[in-house]
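Presented below is the structure to which this report refers.
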Amino acid sequence: MVEELIAQLRALEGEGREAVAGAGAAADVERLRVDLLGRKGRLTGVLRRLGELSAEEKPVVGAEANRVKGELSALLDERDAAFASAAASGGVPRVDLTLPGRARWRGGLHPVTQVVDEICEIFHDLGFARVRGPEVETAEYNFTRLNTPLDHPAADMHDTFYLQDGVVLRTHTSPAQARVMEMFQPPVRVVVPGVVYRRDPFDASHAPAFEQLEGLAVDEGITFADFKATISSFVRRFFGPGAKTRFRPSYFPFTEPSAEVDVSCRICGGTGCSACKGTGWMEIMGSGMVHPRVFENVGYDPERYTGFAFGMGPGRIAMQRYGIPDIRLLYENDVRFLEQLS
Ligand code: PHE
């Protein structure tokens, strides 16, 4: 008998809890209060049977009945208060809808990829198409067609990752010059972004695998002046109207004359800082007028056509743009770093 009544009380407690939690309005709470705890309610129904118990049994069931009553009436009060406060705020739930939402992490483009896209867009406006070349190249295209015999000292700098005899991970994007010229007749204007591989140490300014971006323009009558104008206009658009450009004589086997192009340091504004090693200038590319022998190698008439070519490092350019002191930060794939730039 005692067990039966206690079981009934517990069942009432469980059902009551669920019903109160499911109440959708203040009126539901009121109805439940009557149903559960009212004079003709279910708890009273159980208590009525108390008379059938002995004097020792009564207080046991009575105590349990009081506990259940206290429990349910606290829950009912709580729900009542919640509906009352919602009503007080005009029925509007107490949530501040003007708070900014919680941003979901969406991922983004790598800063070097962003820079590559931006560079390609600027050159697109200047009439250059974006193309790709193979990352696994033949030594023939990587060196020989570019007027660089394998025993030339310039090939040393590129001594690198050979996969097998005559096949190499490209050391620069320049082999794409030869591939494009063999496929198309002038006029040719292309940019070729892509990863290149070199036997370089992994330090603050070098990486053994890094992004390069080749440019090539060939037509009748192209001069060094066209080259300077093209590059200067690119630099002003990419780095801002105040950016200055400087051309320094250099050497590459596949261009003649050759030049390194420097941009006034964007970090110190040209006064000299640690990023530009105190010079006020940052080197952004190697370049020059396409060597006549390269034209011969690809079947272009060097008497008829001239052109310019350049190879820049978007990683270095990204460092300049964002003031990144160490190139390794770009290649470690630490999202905490990368997401600041996307
Ligand atoms: N390929 C050269 C390098 O990687 C850069 C370059 C490209 C120079 C085109 C001249 C013309 O260093």
Side-chain angles (χ1 to χ4, degrees), residues 116-149 152 154-155 158 170-196 211-238 245 247-261 284-314:
V116 166
D117 287 346
E118 210 178 308
I119 295 171
C120 287
E121 250 166 62
I122 294 173
F123 278 99
H124 179 260
D125 290 352
L126 295 170
F128 287 71
R130 176 179 183 155
V131 299
R132 292 226 163 233
E135 252 171 68
V136 178
E137 258 299 0
T138 58
E140 169 69 27
Y141 277 91
N142 197 79
F143 298 115
T144 320
R145 291 243 170 145
L146 297 173
N147 195 36
T148 314
H152 191 286
H158 290 233
R170 67 177 169 196
T171 64
H172 51 177
T173 41
S174 299
Q177 287 185 33
R179 291 191 177 274
V180 166
M181 287 190 280
E182 285 173 353
M183 269 192 280
F184 304 101
Q185 288 304 303
V188 160
R189 280 200 294 268
V190 291
V191 280
V192 192
V195 180
V196 302
E211 189 79 15
Q212 234 187 17
L213 192 139
E214 193 83 7
L216 173 72
V218 182
D219 202 351
E220 286 180 29
I222 290 193
T223 69
F224 201 87
D226 296 308
F227 174 52
K228 279 190 90 167
T230 304
I231 292 305
S232 303
S233 113
F234 159 72
V235 164
R236 280 194 303 272
R237 259 194 67 185
F238 187 87
T245 315
F247 295 77
R248 265 185 302 117
S250 184
Y251 174 79
F252 298 100
F254 36 93
T255 46
E256 181 61 32
S258 303
E260 307 271 358
V261 178
I284 58 161
M285 66 177 92
S287 62
M289 301 302 289
V290 180
H291 198 292
R293 216 162 290 146
V294 174
F295 284 147
E296 277 167 19
N297 291 345
V298 300
Y300 279 12
D301 178 0
E303 296 300 325
R304 183 168 169 202
Y305 297 114
T306 50
F308 59 80
F310 56 86
M312 55 176 114

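None of the values given here were measured: they were computed from a predicted structure.
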Apply side chain to side chain contact (heavy atoms under 4.5 Å, CB included) to the pair Val195 and Glu135, showing each step before the final yes or no. CA-CA 7 Å; Val195 180; Glu135 252 171 68; 4.2 Å; yes
For the pair [X] (side chain) and [Y] (backbone), establish whether a donor and an acceptor sit closer than 3.5 Å, ignoring hydrogens and angles.
X: Glu137; Y: Asn142; value: no
X: Thr148; Y: Thr144; value: no
X: Glu260; Y: Arg248; value: no

Among residues at least two apart in sequence or on other chains, which ones pass side chain to side chain contact (heavy atoms under 4.5 Å, CB included) with Pro302?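 Expected list: Pro292, Phe295, Glu296.
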May I have the step-by-step check of side chain to side chain contact (heavy atoms under 4.5 Å, CB included) for Phe254 and Ser174, ending in yes or no? CA-CA 9 Å; Phe254 36 93; Ser174 299; 3.7 Å; yes
If you define the side chain from C-beta out and look only at heavy atoms, does anything of [X] sit under 4.5 Å from [Y]?
X: Val290; Y: Thr306; result: no
X: Arg179; Y: Pro134; result: yes
X: Asn147; Y: Phe252; result: no
X: Asp219; Y: Val188; result: no
X: His291; Y: Thr255; result: no
X: Pro257; Y: Met289; result: yes
X: Val116; Y: Glu211; result: yes
X: Met312; Y: Phe234; result: yes

Given Phe123 and Phe310, is the ring-ring contact (aromatic ring centres under 6.0 Å, His included) satisfied, shown in steps? CA-CA 12 Å; Phe123 278 99; Phe310 56 86; 5.2 Å; yes
How many angstroms lie between OG in Ser287 and NZ in Lys228, if you round to the nearest 0.5 Å?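 Taking OG in Ser287 and NZ in Lys228, the distance rounds to 11.0 Å.
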Which label fits His172 and Phe143: parallel for a plane angle under 30°, tilted from 30 to 60°, or perpendicular past 60°?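 Tilted.
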Would you please classify the geometry between the Phe227 ring and the Phe224 ring as parallel, tilted or perpendicular, with 30° and 60° separating the classes?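 Rings of Phe224 and Phe227: perpendicular, as their planes differ by over 60°.
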Determine whether Thr230 and Phe308 satisfy the following criterion, side chain to side chain contact (heavy atoms under 4.5 Å, CB included), listing intermediate values before the conclusion. CA-CA 10 Å; Thr230 304; Phe308 59 80; 3.7 Å; yes
Looking only at non-hydrogen atoms, find the nearest pair between [X] and [Y] and report the distance.
X: Gly133; Y: Arg170; value: O-NH1, 3.2 Å
X: Asp226; Y: Gly221; value: OD2-O, 3.7 Å
X: Val191; Y: Cys120; value: CG2-SG, 4.1 Å
X: Ser232; Y: Thr245; value: CA-OG1, 4.0 Å
X: Phe128; Y: Leu216; value: CE2-O, 3.6 Å

Start with the C-alpha gap between Arg130 and Asp117, add the side-chain angles, then the distance that decides, and say whether salt bridge (Lys or Arg N to Asp or Glu O under 4.0 Å) holds. CA-CA 10 Å; Arg130 176 179 183 155; Asp117 287 346; 3.1 Å; yes
List the steps, then state whether side chain to side chain contact (heavy atoms under 4.5 Å, CB included) holds for Ile231 with Met285. CA-CA 10 Å; Ile231 292 305; Met285 66 177 92; 3.7 Å; yes
Do Asp125 and Arg237 sit within salt-bridge range, that is, some charged N less than 4.0 Å from a carboxylate O?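 Counted as a salt bridge, because a side-chain N and a carboxylate O are separated by less than 4.0 Å.
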Any carboxylate oxygen within less than 4.0 angstrom of a Lys/Arg side-chain nitrogen, looking at Arg145 and Glu182?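 Looking at Glu182 together with Arg145, the answer is yes, because their closest N to O distance falls below 4.0 Å.
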